[in-house]
Undergrad: 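Below is one structure. I have some questions about it.
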There are 2 protein chains.
Amino acid sequence: MSIKAIKAQTGFSYSTISRVLSGKADAFRISTITREQILEAAARLNYRPNILARSLRLRKTMTVGLIVSDIQNPFFGELASRIEQDLRFHGYSMILCNTNEVPENEEFYLKLLVDRKVDGILIAPIQTAEWESMQILVRETPVVLVDRIFADTALPWVTSANVEAAEEVTREILGRGYRKIAFLGGPPETHITRARFKGFRKAVVETLGRLDESFVLSKGYTAQAGREMMIRLLDERPDVEAVLCVNNLVFYGAVGPVNDFELRQARPVMMAGFDIGEYASLMKRPLISADQNLAELARSAVGLLLEADAGAADAANHLTIPVVIARHRLP
Amino acid sequence: MSIKAIKAQTGFSYSTISRVLSGKADAFRISTITREQILEAAARLNYRPNILARSLRLRKTMTVGLIVSDIQNPFFGELASRIEQDLRFHGYSMILCNTNEVPENEEFYLKLLVDRKVDGILIAPIQTAEWESMQILVRETPVVLVDRIFADTALPWVTSANVEAAEEVTREILGRGYRKIAFLGGPPETHITRARFKGFRKAVVETLGRLDESFVLSKGYTAQAGREMMIRLLDERPDVEAVLCVNNLVFYGAVGPVNDFELRQARPVMMAGFDIGEYASLMKRPLISADQNLAELARSAVGLLLEADAGAADAANHLTIPVVIARHRLP
DNA sequence: ATGAAAGCGCTAACAG
DNA sequence: CTGTTAGCGCTTTCAT
């Protein structure tokens, strides 16, 4: 009823009105007087185009979906925020979907987004490989993986230099004289845990000759998992001197038990983790954080997706972003 | 092209196919054999309805927008997550918009959501009153305010019992013998800051007879603001004994300076704040946290919105949810 | 129990 | 420079 209303007011046709309203007046050399009348009527009637109708007609929604596993995690909060800003800069809106680390939700949202005819999907997947229905959906809509990725896939992805970062942090810990060093991981088959453990193991094996398996735990990416792993570790290996946590939440979960332990034993435990970022200032303890470059991760992911959307040949579509090591309260 | 494809395969008409596919087969007493053929063809062709077309036709998108000020804040992360779950339970999707505490973005997103024909909007506003263009937009789409609200508005809202919670926390601090107690607020004209300060002042004045204004600061809701306020407070009133922070981020920003101060002065400062939640376990310090009931806040907000969407008479549409006081590392 | 046809609001040939 | 018209994919009277 809306262009129609302007038509009723001004007497111009659908096409002319549509042209003026979507900024194509110049291209069609619409007369100034006509433009003015149309724009005036539009303003007066408070005209707003119906995006649904436009999208249906153009087969383009100017919307992309972002699927993350845990929006309560400030890491994903920042990632989502940055991606949204980048997308908005390019004229796209974002629909944010939160799977809460539940694999079934991943399929649900993927379908939802495809049904909504989004122009593309960014996903930090929970699952460890392309599942069946994903294969089908992906044929319709460009998908880019970010942060968490599948090891072997033709899909474009962008992730951090996880192996290198974990190795560097571990070497730093070893360089400070700690020997009994543990790793608290997420689900063992996930890319992030595998990559970070790989770097950790490399540094330990190359420095100490061997890795003591009783120092390696893996359970999940949540604070709850971190807490449980740490309690178990301190119980089974009370001689532990340092620990590397696979992500921020595992670190946050582990801190409590470590604090208690230190009080009882009067001996500090060195802690390190990924993406502690700002939250390092809450703690009085020394710590090392490998902070991913979220700005770059977001920018690259959006870049890859928009390229894919524009139908670009998938050239260099696998990107790895360096990680920055930050030392807190350390000499 | 999609119902059309099934039509081509089965020979049935648009109407019959549409009826079967949208579960109205019983109502129209479509014969079993027909249903089977249609469903079989749909499955084979991997049919998915075009939501855009359906929404355009039905004038209903089954989507609501949520506008928050800072999605990097785990508080809003949890709020968004809970609201999304509740909405999903009722069959709605959610578009999440992040204003980053920038007022202009608020208007931008409000327009965007209205243009997208969302069925309703939930918003935790930055601004302190209904601004002009909001008035217009709101005529088209139901809006419910959550957490941050406007003091005097006919719009439905749900918020926490902020005055009472702040008062209770302050009395608890005073009851523990602290006298020189400060308040770190957000922007002074915002509802949350006003309400929490009101409770704080009431407890202080009733207990001590008067409130020393040099213990009251207000700047913003970010960690940066919290840090700056705390540094200034410790500089100007180094005799301060306790501090109540208006929200979690202000608390997080304030912790660093307080830690340093305590080390220098060998005297502890009691800290309290809102919605510290899980993050309390990161810190070794005693603290008091007034934790909002996010589950209930989310549930109520969604309830009010769906009622408004259903066109219910706006009966009791202003809800206040109790807050829980949590003591950490305190006798 | 099924079909024909109109219309949601918009854009883009095509026509002048 | 402007207008006519078809059609995006779906739902829904109104017929039969």
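Lettering follows sequence order; numbering is per chain, from 1. Excluded from the calculations below are hydrogen atoms, water molecules and symmetry mates; all remaining heavy atoms, backbone and side chain alike, are included.
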Undergrad: Can you find a side chain N or O atom of B/Thr16 that sits less than 4.0 Å from OP1 or OP2 on C/dT2?
TA: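 Indeed not, no polar side-chain atom of B/Thr16 lies that close.
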
Undergrad: So which of B/Leu137, B/Thr141, B/Ile67 actually passes side-chain contact (heavy atoms from CB on, under 4.5 Å) with B/Leu113?
TA: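 With B/Leu113 as partner, B/Leu137, B/Thr141, B/Ile67 yield a single side-chain contact (heavy atoms from CB on, under 4.5 Å), made by B/Ile67.
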
Undergrad: Describe, as an angle rounded to 10 degrees, how the axis at the first end of the helix from C/dA1-D/dT16 to C/dG16-D/dC1 is tilted relative to the axis at the last end, five pairs per end.
TA: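 Here the local axes at opposite ends form an angle of 40°.
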
Undergrad: Among pairs that include at least one residue of residues 295-306 of chain B, which meet side-chain hydrogen bond (donor to acceptor under 3.5 Å, both in side chains), considering only residues two or more places apart or in two chains?
TA: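 Non-adjacent pairs meeting side-chain hydrogen bond (donor to acceptor under 3.5 Å, both in side chains): B/Glu296-B/Arg299, B/Glu296-B/Ser300.
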
Undergrad: Cation-pi check for B/Tyr14 against B/Lys4: NZ or CZ below 6.0 Å from the six-membered ring centre and within 45 degrees of the axis, yes or no?
TA: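 No, B/Lys4 and B/Tyr14 do not form such a contact.
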
Undergrad: How many whole angstroms separate atom CD1 of A/Ile17 from atom P of C/dT11?
TA: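 So the CD1-P distance, A/Ile17 to C/dT11, works out to 11 Å.
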
Undergrad: Looking at B/Phe12, I'd like to know if the NZ or CZ of B/Arg19 sits under 6.0 Å from its six-membered ring centre while staying within 45 degrees of the ring's axis.
TA: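 Cation-pi check for B/Arg19 and B/Phe12: fails.
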
Undergrad: Calculate the interatomic distance between A/Ile6 atom CD1 and D/dG3 atom P; express it in whole Å.
TA: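 About 14 Å, once rounded to whole Å.
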
Undergrad: Residues from residues 18-33 of chain B sitting under 4.0 Å of DNA chain C, heavy atoms only?
TA: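 When residues 18-33 of chain B is checked for heavy atoms under 4.0 Å from DNA chain C, the hits, listed by number, are B/Arg19, B/Phe28, B/Arg29, B/Ile30, B/Ser31.
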
Undergrad: Report the distance from atom CG of B/Leu58 to atom P of C/dC8, rounded to the nearest whole Å.
TA: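 Going from B/Leu58 (CG) to C/dC8 (P), I get 13 Å.
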
Undergrad: Within the pair B/Arg59 and C/dG9, is there a side-chain N or O less than 4.0 Å away from OP1 or OP2?
TA: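 B/Arg59 to C/dG9 OP1/OP2: side-chain N or O found under 4.0 Å.
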
Undergrad: How would you list all residue pairs meeting ring pair (Phe, Tyr, Trp, His ring centres under 6.0 Å) that involve residues 38-82 of chain A, not counting sequence neighbours?
TA: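 Applying ring pair (Phe, Tyr, Trp, His ring centres under 6.0 Å) to every pair that reaches into residues 38-82 of chain A, excluding sequence neighbours, yields nothing.
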
Undergrad: Hey, is B/Lys60 close enough to B/Asp309 for a salt bridge, meaning N to O under 4.0 Å?
TA: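 A salt bridge is present here (some side-chain N lies under 4.0 Å from a carboxylate O).
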
Undergrad: How close or far is atom P of C/dG7 from atom CG of A/Asn50, stated in whole angstroms?
TA: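 One finds 18 Å between P of C/dG7 and CG of A/Asn50, rounded.
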
Undergrad: What contact category does A/Thr34 fall into here, base, sugar-phosphate, or nothing, at under 4.0 angstrom with non-hydrogen atoms?
TA: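 The answer is sugar-phosphate, as A/Thr34 gets under 4.0 Å only of primed atoms, P, OP1 or OP2.
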
Undergrad: Could you list the donor-acceptor pairs under 3.5 angstrom formed between side-chain atoms of residues 28-41 of chain B and any protein atom two or more places apart in sequence or on another chain?
TA:
residue, atom, partner, partner atom, Å
B/Ser31, OG, B/Thr34, N, 3.4
B/Ser31, OG, B/Thr34, OG1, 2.7
B/Arg35, NE, B/Ile30, O, 2.9
B/Arg35, NH1, B/Asp26, OD1, 3.1
B/Arg35, NH2, B/Asp26, OD1, 3.1
B/Arg35, NH2, B/Ile30, O, 3.1
B/Glu40, OE1, B/Arg44, NH2, 3.1
B/Glu40, OE2, B/Arg44, NE, 2.8

Undergrad: Can you check the B/Lys7 NZ to C/dA5 P distance for me, whole Å?
TA: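 After rounding, the reported distance stands at 10 Å.
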
Undergrad: CD of A/Glu132: more than 12 outside heavy atoms within 6.0 angstrom?
TA: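 No, the 6.0 Å shell around CD holds no more than 12 heavy atoms from other groups.
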
Undergrad: Under a 3.5 Å distance rule, please check whether B/Thr159 uses its side chain to pair with a backbone N or O of B/Asp147 as donor and acceptor.
TA: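 Answer holds: yes.
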
Undergrad: What's the CG-P distance between A/Leu56 and C/dG7, to the nearest Å?
TA: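 Going from A/Leu56 (CG) to C/dG7 (P), I get 17 Å.
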
Undergrad: Just how far, in rounded Å, is C1' of D/dT5 from OH of A/Tyr14?
TA: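 These atoms are roughly 11 Å apart.
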
Undergrad: Can you list, by residue number, the residues of residues 36-48 of chain A that have a non-hydrogen atom closer than 4.0 angstrom to DNA chain D?
TA: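 Those residues whose heavy atoms fall under 4.0 Å from DNA chain D, taken from residues 36-48 of chain A, amount to none.
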
Undergrad: Atom CD1 of A/Ile3 to atom P of C/dG7: distance rounded to whole Å?
TA: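 About 18 Å, once rounded to whole Å.
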
Undergrad: Where the side chain of A/Arg57 is defined as all heavy atoms beyond and including C-beta, which of C/dA12, C/dT2, D/dC10 is the nearest nucleotide?
TA: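 Out of C/dA12, C/dT2, D/dC10, the nucleotide with an atom closest to A/Arg57's side chain is C/dA12.
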
